[in-house]
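Notes to accompany the following structure.
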Amino acid sequence: MIEKKLKSGRKVLIKEMSVDTMDMINDMMELVLHTDGKQTFSGISKQQTAYIRHGLGGGEFDDWKPNGGVTPDNVIKQMSKDERDELRVLIEEAQVINPSKPSN
């Protein structure tokens, strides 16, 4: 696990996710093409919650003893929107595939 400190000062532990889990999470967001030519994204909030559920392995939270499962609602609800936004980025960045041979 990787320990990080959010801008708020809260310490979090980030765990490694499987490639299948990362694929499942990345497939949650969709580009929606409307008949009037507009484009919007759907699933952004679901994707953020999934990153936190699967990628948060512990940290400074009340009444939570991580057991290797997904992060429960009561932990996610302890975070501000800014903390959730920051944490999602940190979790995504921590998921490295083949760091010794990056693609060009």
Side-chain angles (χ1 to χ4, degrees):
M1 288 215 220
I2 300 169
E3 184 175 313
K4 294 283 186 176
K5 191 173 192 176
L6 302 178
K7 292 175 186 168
S8 66
R10 186 189 303 264
K11 291 180 183 175
V12 294
L13 295 174
I14 297 174
K15 60 184 178 182
E16 184 177 342
M17 296 187 298
S18 72
V19 173
D20 292 329
T21 299
M22 289 186 293
D23 287 347
M24 181 262 312
I25 293 170
N26 287 327
D27 287 347
M28 288 179 168
M29 190 167 46
E30 297 177 341
L31 174 63
V32 179
L33 304 174
H34 299 275
T35 55
D36 62 2
K38 291 183 181 176
Q39 299 177 0
T40 58
F41 286 98
S42 174
I44 295 169
S45 295
K46 287 183 199 178
Q47 186 183 57
Q48 179 183 58
T49 300
Y51 265 114
I52 294 170
R53 285 206 192 279
H54 294 278
L56 182 62
E60 297 176 332
F61 298 98
D62 296 334
D63 301 322
W64 184 39
K65 292 183 175 64
N67 61 3
V70 297
T71 304
D73 282 355
N74 70 313
V75 171
I76 295 172
K77 289 178 179 180
Q78 291 177 46
M79 290 183 276
S80 69
K81 170 124 176 57
D82 288 342
E83 285 179 316
R84 291 190 311 268
D85 291 344
E86 181 182 2
L87 180 57
R88 188 210 64 85
V89 171
L90 291 174
I91 290 170
E92 187 175 13
E93 289 175 350
Q95 308 309 312
V96 178
I97 299 175
N98 198 2
S100 63
K101 292 187 176 187
S103 61
N104 294 337

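The structure presented is a predicted model; accordingly, all values stated were derived computationally and were not measured.
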Would you mind reporting whether Q48 and L87 have side-chain heavy atoms less than 4.5 Å apart? no
Work out which heavy atom in P72 is nearest to a heavy atom in W64; give both atom names and the distance. CD-NE1, 3.4 Å
So V12 and M1, side-chain contact (heavy atoms from CB on, under 4.5 Å) or not? Walk me through it. CA-CA 10 Å; V12 294; M1 288 215 220; over 6 Å; no
Please tell me whether L56 and L13 are part of a single hydrophobic cluster in this structure, the criterion being side-chain heavy atoms less than 4.5 Å apart. no
Between E86 and K7, is a salt bridge (Lys or Arg N to Asp or Glu O under 4.0 Å) present by the stated rule, with each step listed? CA-CA 8 Å; E86 181 182 2; K7 292 175 186 168; 5.2 Å; no
Considering non-hydrogen atoms only, spot the tightest contact between M29 and I44 and give its length. SD-CG1, 3.5 Å
Beyond-backbone contact of M24 with M28, side-chain heavy atoms, under 4.5 angstrom: yes
State yes or no: do I25 and L90 share one hydrophobic cluster built from I, L, V, M, F, W and Y residues joined by side-chain heavy-atom distances below 4.5 Å, directly or via other members? yes
What's the separation between atom CZ in R84 and atom CD1 in I52, rounded to the nearest 0.5 Å? 6.5 Å
Testing the basics here: between P66 and G58, what is the closest heavy-atom pair and its distance to 0.1 Å? CG-CA, 3.7 Å
Below 4.5 Å, heavy atoms only, C-beta onward: do I91 and M17 meet side chain to side chain? yes
Count the heavy atoms belonging to other residues, nucleotides or ligands that lie under 6.0 Å from CG of D63, then report whether that count exceeds 12. no
Over all atoms of both residues, closest heavy-atom pair of D62 and Q78: N-OE1, 2.8 Å
Residues, nucleotides or ligands: over 12 heavy atoms within 6.0 Å of E60 CD: yes
Measuring from Q47:CD to E92:CD, what's the distance to the nearest 0.5 Å? 6.5 Å
Nearest heavy-atom contact between G69 and N67 is N-OD1, 3.0 Å
Derivation and outcome, side-chain contact (heavy atoms from CB on, under 4.5 Å), residues N26 and Y51: CA-CA 9 Å; N26 287 327; Y51 265 114; 2.8 Å; yes
Would the number of heavy atoms belonging to other residues, nucleotides or ligands and lying under 6.0 Å from NZ of K4 be above 12? no
Find out whether F61 and T71 are in side-chain contact, i.e. whether some heavy atom of one side chain is under 4.5 Å from a heavy atom of the other. no
Among K5, R10, K77, find the residue that satisfies the salt bridge (Lys or Arg N to Asp or Glu O under 4.0 Å) test when tested with E83. R10
First locate atom CG of L33, then atom OG1 of T40, and finally report the distance between them rounded to the nearest 0.5 Å. 8.5 Å
Can you measure from CD1 (I2) to CD (E16) and round to the nearest 0.5 angstrom? 8.0 Å
Apply side-chain contact (heavy atoms from CB on, under 4.5 Å) to residues Q95 and I14 and explain how you reach the verdict. CA-CA 9 Å; Q95 308 309 312; I14 297 174; 4.1 Å; yes
Check whether any side-chain heavy atom of V32 sits under 4.5 Å from a side-chain heavy atom of F41, and report yes or no. no
